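Notes follow once the structure below has been shown.
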Amino acid sequence: MSNGYEEHMGGDEGKDSKTNLIVNYLPQSMSQDELRSLFSSIGEVESAKLIRDKVAGHSLGYGFVNYLNPSDADRAISTLNGLRLQSKTIKVSYARPSSDTIKDANLYISGLPKAMTQKDVEDMFSRFGHIINSRVLVDQATGTTGASRGVAFIRFDKRAEAEEAVKTLNGQKPPGAAEPITVKFAANPNQVKNTQIISQLYHNQSRRFGGPVHHQAQRFRFSPMGVDHMSGVGNVNVPGNSNSGWCIFIYNLGQDADESILWQMFGPFAPSPTSR
DNA sequence: ATTGAGCGT
């Protein structure tokens, strides 16, 4: 019944808005204890939380750190933001109160003229709201000098801002451009990976059976035959399952992880193909 | 053409 909008915090609701931080772009290997330890070097930490995949348990590369003292939070931003850790550069900023209105505000833009710079793209989108960050993908990792791939990401402050940008700019041609651009909400990394897994399996099945495979049949036929072809993708550790060294999931994102599993397989107990 | 997994039981 609760919709998350009810106020129940009394008079000082913004209290941890000055102590609570969000830390992005953490190295994959960093644990919650290491996160706490790093930020404890600044001051006393009230809580530290590493966000993990709900099913597989691996780090999602970001977390929250709440200090006792607002001045420590401030110093953590000035001293730890931009810190390089194992080829990553972490970002430290104030967290906002969790709210649906700030989620899913990340856009994927394709078909951009190659001449458009990051600033050009931001200038095109900034009228819809506050841009948190943006990135134009380049061909090689030649830094900002590489040729644009005509693909960019823009994260807005609020989802409603991103929605307006999609409605207004999707299918439109930038000034002087020959082709229209595509503006849509970005897929999260799991969806991207699942798409790759599924198309890989589909490819394998198609080759094996000599033609396109119906989705139902494809799902049915996955199992052990495809494992060797998937071995590079999986190797997910499942907490609580001591028997299997590995596990492969295919699941949809953006919803409850428990309800969105399309298919899963545990190594030693992979089901046999039903017939035979 | 989906990034450096950006809002948490």
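Reminder, nothing fancy here: chain letters follow the sequence lines and each chain counts from 1. What you see is a predicted model; the values in this text were computed from it and never measured.
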Under-4.0 Å side-chain N/O to phosphate OP1/OP2 contact, A:K103 with B:dG8: yes

Rounded interatomic separation in angstrom, taking CG from A:N188 and C1' from B:dT2: 10 Å

Under-4.0 Å salt bridge between A:D72 and A:R75: yes

Check: B:dG8 base within 3.5 Å donor-acceptor of A:N66 side chain: no

For DNA chain B, the residues among residues 169-181 of chain A that have a non-hydrogen atom under 4.0 Å from it: none

Value in whole Å for how far the P atom of B:dA1 lies from CG of A:L137: 12 Å

Salt bridge (Lys or Arg N to Asp or Glu O under 4.0 Å) contacts touching residues 109-119 of chain A (sequence neighbours left out): A:K119-A:D123

Which residues share a ring-ring contact (aromatic ring centres under 6.0 Å, His included) with A:Y108, sequence neighbours left out: A:F153

Given B:dT2, B:dA5, B:dG8, the nucleotide with the shortest approach to the side chain of A:K184: B:dT2

Contact nearer the 5' end of DNA chain B, comparing A:K114 with A:F64: A:K114

Nearest to side-chain heavy atoms of A:R96, which nucleotide of B:dA1, B:dC7, B:dA5: B:dC7

Between C1' of B:dC7 and CG of A:D16, the distance in whole Å: 12 Å

Whole angstrom value for the distance that separates C1' of B:dT3 from OH of A:Y25: 8 Å

Value in whole Å for how far the C1' atom of B:dA5 lies from NZ of A:K88: 8 Å

Touch class at under 4.0 angstrom, heavy-atom based, for A:I90 against every strand present: base

Rounded distance in Å - CZ (A:R52) to P (B:dT9): 10 Å

Residue closer to the 5' end of DNA chain B, A:A48 versus A:L26 (nearest nucleotide): A:L26

Value in whole Å for how far the P atom of B:dT3 lies from CG of A:D104: 17 Å

Heavy-atom side-chain proximity of A:Y94 to A:N20 below 4.5 angstrom: no

Sequence neighbours excluded, every pair satisfying ring pair (Phe, Tyr, Trp, His ring centres under 6.0 Å) that has a member inside residues 163-182 of chain A: none

Residues that A:P180 engages under side chain to side chain contact (heavy atoms under 4.5 Å, CB included), provided they are two or more places apart: A:K173

Whole angstrom value for the distance that separates C1' of B:dA5 from CG of A:N133: 12 Å

Which side-chain N or O atoms in residues 158-169 of chain A pair as donor and acceptor under 3.5 Å with protein atoms at least two apart or in another chain?
{"from": "A:R159", "atom 1": "NH1", "to": "A:D100", "atom 2": "O", "distance (Å)": "3.4"}
{"from": "A:R159", "atom 1": "NH1", "to": "A:K103", "atom 2": "O", "distance (Å)": "2.8"}
{"from": "A:R159", "atom 1": "NH2", "to": "A:D100", "atom 2": "O", "distance (Å)": "3.2"}
{"from": "A:E161", "atom 1": "OE1", "to": "A:H130", "atom 2": "N", "distance (Å)": "3.4"}
{"from": "A:E161", "atom 1": "OE1", "to": "A:D157", "atom 2": "N", "distance (Å)": "3.4"}
{"from": "A:E161", "atom 1": "OE1", "to": "A:K158", "atom 2": "N", "distance (Å)": "3.2"}
{"from": "A:E164", "atom 1": "OE2", "to": "A:K167", "atom 2": "NZ", "distance (Å)": "3.2"}
{"from": "A:T168", "atom 1": "OG1", "to": "A:E164", "atom 2": "O", "distance (Å)": "2.9"}

Heavy-atom donor-acceptor pair, A:N106 side-chain to B:dT3 base, under 3.5 Å: yes

Sugar-phosphate only, base, or nothing, as touched by A:K49 at under 4.0 Å among non-hydrogen atoms: base

Residues forming a side-chain hydrogen bond (donor to acceptor under 3.5 Å, both in side chains) with A:E122, sequence neighbours excluded: A:S134

A:Y62 ring over B:dA5 six-membered base ring, under 5.5 Å and 30°: no

Proximity to the side chain of A:H58 - top-ranked nucleotide from B:dT2, B:dA5, B:dC7: B:dA5

Touch class at under 4.0 angstrom, heavy-atom based, for A:I22 against every strand present: base

Contact residues, residues 153-166 of chain A to DNA chain B [heavy atom, < 4.0 Å]: A:F153, A:R155

A:E179 atom CD, over 12 foreign heavy atoms within 6.0 Å: no

Partners meeting side-chain hydrogen bond (donor to acceptor under 3.5 Å, both in side chains) with A:N106 (sequence neighbours left out): none

